[in-house]
Q: 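The structure's right below; bear with me while I get my questions together.
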Amino acid sequence: MTIHIALIAPYSDISAIGVRTLSSVLKKHKHQVRMIFLPYQVSEIEYKPDFVFKYKPEVLEKVHDLVKDFDVIGISLMTNYLENAISLTSYLESKLKEKTIIWGGIHPTLDPDTCLGYNPILCLGEADEALPEFLDHLDKGEDVLSLDNFYFKKNGKVVRNKLRSPVQELDTLPYQDYNLDDDWVLGRNDNSIIKMDGLILEKYLTRESATKKRGMLFYQTVTSRGCPYRCNFCCWSKIKDIQPDCNQLRRRSPQNVVSELKQVIGRFPFFKEITFSDDSFFGSPTEYVKEFSNLYKKEIGLPFQCLAGPTTITDEKMELFVDAGMKNIQVGVQAASDRILKLYNRPTTVKQIDNAVRTIHKFIPRIHPPIYDFILDNPYETKEEVIETLKFIQQMPQPFFLQIFSLVFFPGTKLYEMAVKDNLIKDSIKDIIHKQYNLRNINYLNILFSALGHGAPKFLTGLLLTKPMIKILDKGLFNHFYKVCYSIYRKMFLFLQKRRSGSKPDR
Ligand code: B12
Ligand code: SF4
């Protein structure tokens, strides 16, 4: 006997590394898996503050048709997708009374108690061993209530089992599932759910910025799991408290990564670049970087991009990765004020960030202008500290881009706990669940971030950052004007984007 499980990924990007990995793991255990991707039917640029994408009743009905004969339904969710998971679950529960529905992914891991209010079975942490064990128990008719990683709500009582150590030998895990055996995706232009094939995969990956740049489609994967740090705003600040043995970076062997890439590129030649989405791609020792880079250059050779923390960047690692094909690097800076970096529990000082920026700059034009991430709208940050960060960016060597995030207090993180204590979260739905990380507040200083990120001339940004200019332009009345201008700009941008993409059918 095998268990039939439908895995649902409600994410706007259909790369869904975790769900695809689980699918392969379950297939290896001889279970029957159907993957259903339900990306938003609008693009990121259309998000507004307090935006929430709701599935239409006919979509819920089609999902029901696809899962009704399956034994188990698994839904993956990040915090911003909570309401999507709730609507799917309550619809499916109302129609399929006795069906086993499991929620898994980062949100149930970080905020299980809230999740149990909506779904009585949760799988916390990495599920590569936990989920197959659960299905194997179901298959044999054995009790699942005491299984590690699972939380249950039964007859008003909550069962919280401990979390097991995550898989240490990542090479033992299969590659992400891109077999397209039984995969389905929600159509963008109508409410159909389409059977995935190579063309559909290409089309739907192309639609999201996360899997496309400069018109190139790239394949997303991770070469490692974990991060040695625990920044206060990040999931690791909580996971490390509940999941044993996850302090170290766990790495796949270079051979294992390269063989996955060969397989997927061989099958889907439309992947022209690779994205390594590791939390800490530069965190490996130089010896590993050397071995990885040599093999990657020899066997794959496609341009790649990755994320990096400032303290992990060295000349030697940069040289090795650039020589192997690294074209883009995105660095988590977050702030350039030592007090704020400390508040975030970042492992970095402003001096180290400066060193990293200058190291990276030496590799232009062999690499594209780097992208630096910053977090704005932090209520713990003073105006002076924001200006300190702006002045730091203003003196950074150009060219570069900025990726700006509006701070979200993700439930379960240390910063969230602090914000709750300090009464900073007025409305958890509006301030967290619906909050779009890419929609910052509109005010003078935040507009300066945009100007700096778009390469505005240094003499101009220098002038705009002088005390008298800030005093004149950083005023409530002007902020209202900026908001109006921004909304006009957004509308124009949206209009042009829609005209360019048109409304093409999926086939
Ligand atoms: C790669 C990545 C992305 C990629 C791909 C995302 C994806 N959907 O797979 C991209 C670039 C698209 C992305 C985008 C976003 N991301 Co992101 N991303 C990551 C990152 C760095 C790695 C995730 C990963 O692939 N890990 C490896 C896989 C194997 O692990 P996994 O996905 O967690 O899956 C395991 C378990 O969670 C569990 N599991 C997962 N699903 C299910 C389902 C069931 C039924 C079960 C039982 C178990 C289960 O089992 C899996 C295997 O062990 C994480 C950081 C992190 N360490 O998790 C952030 C992270 C997940 N992202 C985050 C956020 C906020 C986002 C964005 C909303 C905005 C942003 N700031 O980037 C967007 C929107 C997402 C979207 N559009 O789909 C946050 C989520 C915080 C939260 N509380 O929700 C994280 C945790 C980073 C952080 N700030 O702490 N992201
Ligand atoms: S360095 Fe990045 S991944 Fe690691 S804890 Fe900090 S924010 Fe999270």
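Quantities reported herein were computed from a predicted structural model and do not represent experimental measurements.
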Q: Give a yes or no answer on whether the side chain of Asn149 reaches the backbone of Leu124 with a donor-acceptor pair at less than 3.5 Å.
A: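 Between the backbone of Leu124 and the side chain of Asn149 there is a qualifying donor-acceptor contact (under 3.5 Å).
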Q: Taking all non-hydrogen atoms of both residues, which atom of Leu163 and which atom of Ile242 are closest, and how far apart?
A: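 Nearest heavy atoms, Leu163 then Ile242: CB-O, 3.6 Å.
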Q: So which atom in Ala419 and which in Ile425 form the shortest heavy-atom distance, rounded to 0.1 Å?
A: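 Smallest heavy-atom distance, with atoms named: CB-CD1, 3.9 Å.
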Q: Is the backbone of Pro166 close enough, under 3.5 Å, to the side chain of Gln168 for a donor and an acceptor to pair up by distance?
A: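 Checked: pair present.
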Q: Between the side chains of Asp148 and Lys162, is the shortest nitrogen-to-carboxylate-oxygen separation below 4.0 Å, so that they form an ion pair?
A: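 Yes, this pair counts.
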Q: I'd like to check the ring pair (Phe, Tyr, Trp, His ring centres under 6.0 Å) partners of Phe401; sequence neighbours left out, ordered by chain and number.
A: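 By the ring pair (Phe, Tyr, Trp, His ring centres under 6.0 Å) rule, Phe401 matches no residue at all.
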Q: Quick one: are the ring centres of Phe292 and Phe276 less than 6.0 Å apart?
A: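 Centroid separation for Phe292 and Phe276: below 6.0 Å.
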Q: Measure from the side-chain N and O atoms of Lys62 to the backbone N and O of Leu186, and report whether any donor-acceptor pair falls under 3.5 Å.
A: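 Side chain of Lys62 to backbone of Leu186, a donor-acceptor pair under 3.5 Å: no, none is there.
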Q: Distance alone, cut at 3.5 Å: any donor-acceptor contact between the side chains of Tyr81 and Ser12?
A: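 Present: a donor and an acceptor within the cut-off.
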Q: Just jot down the ring pair (Phe, Tyr, Trp, His ring centres under 6.0 Å) partners of Phe134, sequence neighbours excluded, or say none.
A: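 Residues passing ring pair (Phe, Tyr, Trp, His ring centres under 6.0 Å) with Phe134: Phe150.
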Q: With a 6.0 Å cut-off on the ring centroids, do Tyr219 and Tyr178 count as close?
A: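 Yes; Tyr178 has its ring centre under 6.0 Å from that of Tyr219.
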Q: For the side chain of Thr89 and the backbone of Asn119, is there at least one donor-acceptor N/O pair under 3.5 Å apart?
A: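 Side chain of Thr89 to backbone of Asn119: no pair is present.
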Q: Any salt bridge linking Asp128 with Arg225? Criterion: basic side-chain nitrogen under 4.0 Å from a carboxylate oxygen.
A: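 Between Arg225 and Asp128 there is a salt bridge, with a charged N closer than 4.0 Å to a carboxylate O.
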Q: State whether Lys327 and Glu273 are salt-bridged, where the test is any N-O pair (Lys NZ or Arg NE/NH1/NH2 against Asp/Glu carboxylate O) under 4.0 Å.
A: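 Judged by the 4.0 Å cut-off on N to carboxylate O distance, Lys327 and Glu273 do not form a salt bridge.
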Q: Would you check if the side chain of Lys195 reaches a backbone N or O of Asp181 as a donor-acceptor pair within less than 3.5 Å?
A: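 Checking the backbone N and O of Asp181 against the side chain of Lys195, a donor-acceptor pair under 3.5 Å is found.
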Q: Show me the side-chain donor-acceptor pairs of residues 65-79 shorter than 3.5 Å, one per line, residues at least two apart or across chains.
A:
unit_1	atom_1	unit_2	atom_2	d
Asp71	OD2	His4	N	2.7
Ser76	OG	Tyr11	OH	2.7
Thr79	OG1	His107	ND1	2.8

Q: Lys297: which residues meet the salt bridge (Lys or Arg N to Asp or Glu O under 4.0 Å) condition with it, sequence neighbours left out?
A: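 Per chain and number, Lys297 pairs via salt bridge (Lys or Arg N to Asp or Glu O under 4.0 Å) with Asp323.
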Q: Can the ring centres of Phe304 and Tyr296 be said to be less than 6.0 Å apart?
A: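 Yes: the rings meet the under 6.0 Å criterion.
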Q: Apply side chain to side chain donor-acceptor pair (under 3.5 Å) to Thr172 and list each qualifying residue two or more places apart in sequence or on a separate chain.
A: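 With neighbours one apart ignored, the set is empty.
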Q: Between the side chains of Arg440 and Asp377, is the shortest nitrogen-to-carboxylate-oxygen separation below 4.0 Å, so that they form an ion pair?
A: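 Looking at Arg440 together with Asp377, the answer is no, because their closest N to O distance does not fall below 4.0 Å.
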Q: I need the minimum non-hydrogen distance between Pro10 and Tyr55, along with the two atoms involved.
A: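 Scanning both residues, the minimum pair turns out to be CB-OH, 3.3 Å.
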Q: If the condition is ring pair (Phe, Tyr, Trp, His ring centres under 6.0 Å), which residues does Phe233 pass it with, not counting sequence neighbours?
A: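 Only Tyr344 meet the ring pair (Phe, Tyr, Trp, His ring centres under 6.0 Å) criterion with Phe233.
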Q: Salt bridge check: are Arg230 and Asp241 linked by an N-O gap of less than 4.0 Å?
A: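 Looking at Asp241 together with Arg230, the answer is yes, because their closest N to O distance falls below 4.0 Å.
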